[in-house]
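Okay, structure first, notes after.
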Amino acid sequence: MNRVLTKNLNGLVGEKVTVFGWVNSKRNHGKITFLDIRDRYGIVQVVILPGNNDYEKAEKVSIESVVSVTGEVVKRPENLVNKNIISGDVEIQSEKLEVISPCDKLPFELDDTSGVLEETRLKYRYLDLRTKRMKQNLINRHKSNQFIRNYLSKKGYLEIETPLLTKSTPEGARDFLVPSRNQAGMFYALPQSPQQYKQLLQIAGIEKYFQIVRNFRDEDQRGDRQPEFTQVDIEASFVDEKNIIKLTENLVLELIKTIYPEKYLTLTPIPRLTHKEAMEKYQTDRPDLRKNKNDKNELAICWVVDFPMFEKKEDGSFGPSHHPFTAIKKEFVEDFEKQDPEKVIAQQYDLVINGNEVAGGSIRTHDVAVLKRVFEFLDHSQADIEEKFGHLLKAFKFGVPPHGGIAIGYDRLLMVLNNENNIREVIPFPKTGDGRDPLMDSPCRVDKKQLDELHITTQDRKRKK
RNA sequence: GGACUGGUAGCUCAAUUGGUUAGAGCAUCUGCCUGUCACGCAGAAGGUUGCGGGUUCAAGUCCCGUCCAGUCCGCCA
């Protein structure tokens, strides 16, 4: 198969080529027919004249069918050049048209899907992803992946994979559980984040870790929340708050400069607000500091730092506002138990872009004695602590370096940078608001045999569509 | 779990105060057209108005219930 891509056609005038792609549009003038053939890189116009063996085939071919066209690349006359397409200086005089795979009547038109019901788009996601907008989002995501891997590698960070079948975490979001076949009645959990693993990797002496990693949280959704989502997860040893902030800031700014050069920053250098300042001034811990919210290229980035360590729960007791391993600021460590819990500040920081929480992290407590005091303050019993965090606390007895890190909400970051207002637009195969995938039709029922092997009986519930 | 908005042709929408046979654009099909590039023109086909019930001479429209979607609140260490 000797294929020529549409993006390379301009330089091939006079040559006989074969292009492969989808029929983007068809214009039949009775005695002359034009087909626009689209491949991943662009579009080329194919001319079919009467007398051509395939004239009737060209008249009949449906939009979005897969075809190949062989013919000579011809320069277009000056007045017929089309600057809107990549091969607009030339066109192909078809000698042979082959319909490789015809396309049925489409469920929606692909030129503009902005008004199409999202469930319909998701049901036919493979068609939705053919659109320029979605394709561009995928390309940008790929480029960003490459950039981040490169950037962090150059800084000495190792990309290390952590398990997806792991242990249910006691606090935080609801877990997705995976039943164990070998251990009757036992369950794995999908990770809400690789938090404990990345801390263990610091004890392992890795010093600098990163991973572009999937996380799972079984909570109700929002436009900026999915049950599975991707984080750029980072953790490093012998660092303080400023090191992590600087690293993240430079990474994000370089990423924007390289892959989204049309974007500009309103606030430079990136300001750092304390949590208290943000709440007092903007009544939110993720303020949108843009000057003109209609300017799609404006980015207002800021840090929110000095988060409170604890927050009051509904029953009046206190829980960790981030997680229990977050380090308390030095000036509060000595006797935080005796102070107003809501005034105890943690070494915790969030990156906010245009009102979106795009990253969050903290320095962790490496002092086992302090950790124990935090757990006791949070009213965990000794047995409780041992069961939930024993493995981590044990590891902390074998030489734990001071460490800290951050996790970038990657889908949210890409959502902002791609001018989308929903993370589903930057995720190739997302779930709907109630956690379904209309394309694969998941979740779904499974055979009784499968359940039996997993030692599971189910309660009958009313069946959702 | 709660609030709000919505559900009418394959897709996007319209339908006045409850009143004739529920319309339009695009897509589809048929015909015409040799330079268009989202081609154009003419025509055809396409509807259980999400579903169930109620009020009324009459319901897409009002009422009740229910299902679904989106957004937000709760939730998201």
Side-chain angles (χ1 to χ4, degrees), chain A residues 24-38 43-52 55 59-60 62-64 74 76-77 79-85 87-88 91 93 103-124 127-128 132 168-175 191-193 195-196 215-227 229 307 309-311 313-314 318-326 346 348 357 360-362 364 374-375 378 380 388-389 407 409 412 421-422 424 432-434 436 438 462-465:
Chain A
N24 197 69
S25 63
K26 180 175 73 178
R27 293 177 294 282
N28 178 359
H29 290 249
K31 296 257 172 58
I32 184 169
T33 292
F34 302 99
L35 294 180
D36 284 353
I37 307 300
R38 182 189 72 241
I43 285 174
V44 64
Q45 171 163 280
V46 170
V47 188
I48 300 119
L49 289 163
N52 188 307
Y55 191 79
E59 266 186 315
K60 291 265 152 47
S62 55
I63 304 277
E64 294 299 324
V74 201
R76 291 192 186 204
N79 58 326
L80 292 177
V81 165
N82 184 348
K83 291 197 181 87
N84 296 321
I85 62 176
S87 65
E91 59 192 15
Q93 301 273 6
C103 180
D104 269 358
K105 190 173 171 181
L106 294 166
F108 52 86
E109 289 146 59
L110 304 187
D111 55 326
D112 179 17
T113 56
S114 58
V116 180
L117 198 67
E118 194 174 9
E119 175 142 6
T120 310
R121 288 176 54 205
L122 291 181
K123 192 169 175 184
Y124 299 93
L127 294 178
D128 189 38
K132 203 174 174 186
S168 180
T169 50
E171 287 171 83
R174 204 174 288 120
D175 286 315
Q192 297 181 25
S193 94
Q195 182 64 33
Q196 298 195 20
N215 295 243
F216 304 86
R217 290 176 195 174
D218 187 8
E219 294 294 344
D220 286 350
Q221 294 178 44
R222 292 284 186 281
D224 62 354
R225 271 175 13 203
Q226 279 274 303
F229 59 99
F307 275 72
M309 178 71 194
F310 305 108
E311 65 186 6
K313 295 189 288 191
E314 268 175 28
F318 283 90
S321 63
H322 191 45
H323 62 75
F325 294 95
T326 302
Q348 185 197 329
E357 184 194 325
S362 68
R364 329 296 180 188
V374 170
F375 284 132
L378 294 172
H380 286 87
K388 289 171 179 170
F389 303 106
R412 274 187 206 168
N421 47 26
N422 190 309
R424 295 188 292 265
T432 58
D434 58 347
R436 289 178 305 110
K462 71 181 167 179
R463 188 171 198 165
K464 289 207 168 185
K465 187 177 77 164

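Residue numbers start from 1 in every chain, and the chains themselves are labelled A, B, ... in the order their sequence lines are given, proteins ahead of strands.
- Applying the side chain to side chain donor-acceptor pair (under 3.5 Å) criterion to Arg217(A), with sequence neighbours excluded, gives no partner residue.
- Atom OH in Tyr124(A) sits roughly 12 Å away from atom C1' in C11(B) (whole-Å rounding).
- Taking the P atoms as reference points, U30(B) lies 40 Å from C68(B), given to the whole Å.
- If you take CZ of Arg174(A) and P of G1(B), they are 10 Å apart, rounded to a whole angstrom.
- Using a cut-off of 4.0 Å between Lys/Arg side-chain N and Asp/Glu carboxylate O, Arg225(A) and Asp220(A) are scored as not salt-bridged.
- Near RNA chain B, defined here as any heavy-atom distance below 4.0 Å, the residues from residues 216-226 of chain A are Arg217(A), Glu219(A), Asp220(A), Arg222(A), Gly223(A), Arg225(A), listed numerically.
- Counting any heavy atom pair closer than 4.0 Å across all strands shown, Thr113(A) reaches no nucleic acid atom.
- Put simply, CG on Asp104(A) is 12 Å from P on U28(B), counting in whole angstrom units.
- Going from atom CG of Leu127(A) over to atom P of A27(B) covers 17 Å, rounded to whole Å.
- Using the six-membered ring where Trp is involved, Phe389(A) and Phe375(A) have ring planes that are parallel, under 30° apart on the 30 and 60° scheme.
- Every residue meeting the side chain to side chain contact (heavy atoms under 4.5 Å, CB included) condition with Leu117(A), not counting sequence neighbours, appears here in chain and number order: Thr120(A).
- Spacing of P atoms, C64(B) relative to U5(B), comes out at 13 Å, to the nearest Å.
- One C1' atom belongs to A27(B), the other to A45(B), and the distance between them is 13 Å to the nearest Å.
- Rounded to the nearest Å, the gap between the C1' atom of G47(B) and that of G60(B) is 11 Å.
- Using a distance-only test at 3.5 Å, with no hydrogens or angles considered, a donor-acceptor pair links the side chain of Glu219(A) to the main chain of Arg174(A).
- Distance Arg412(A) CZ to C76(B) P: 14 Å, rounded to the nearest Å.
- By the salt bridge (Lys or Arg N to Asp or Glu O under 4.0 Å) test, Asp128(A) pairs with Arg121(A), Arg125(A), sequence neighbours left out.
- Between Asp434(A) atom CG and C68(B) atom C1' there is a gap of 9 Å when expressed in whole angstrom units.
- The CG atom of Leu110(A) sits 11 Å away from the C1' atom of A27(B) (whole-angstrom rounding).
- Rounded to whole Å, the distance from CD on Glu118(A) to C1' on U71(B) is 12 Å.
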Could you provide the dot-bracket string of RNA chain B, using ( ) for intrastrand pairs, [ ] for crossing pairs and | for bases paired to another strand, with Watson-Crick or G-U pairs below 3.5 Å? (((((((..((((.....[...)))).(((((.......))))).....(((((..]....))))))))))))....
Return a single string for nucleotides 34-42 of chain B, one symbol per nucleotide in 5' to 3' order, where B is base contact, S is sugar-phosphate-only contact and - is none, cutoff 4.0 angstrom on heavy atoms. BBBBBB---
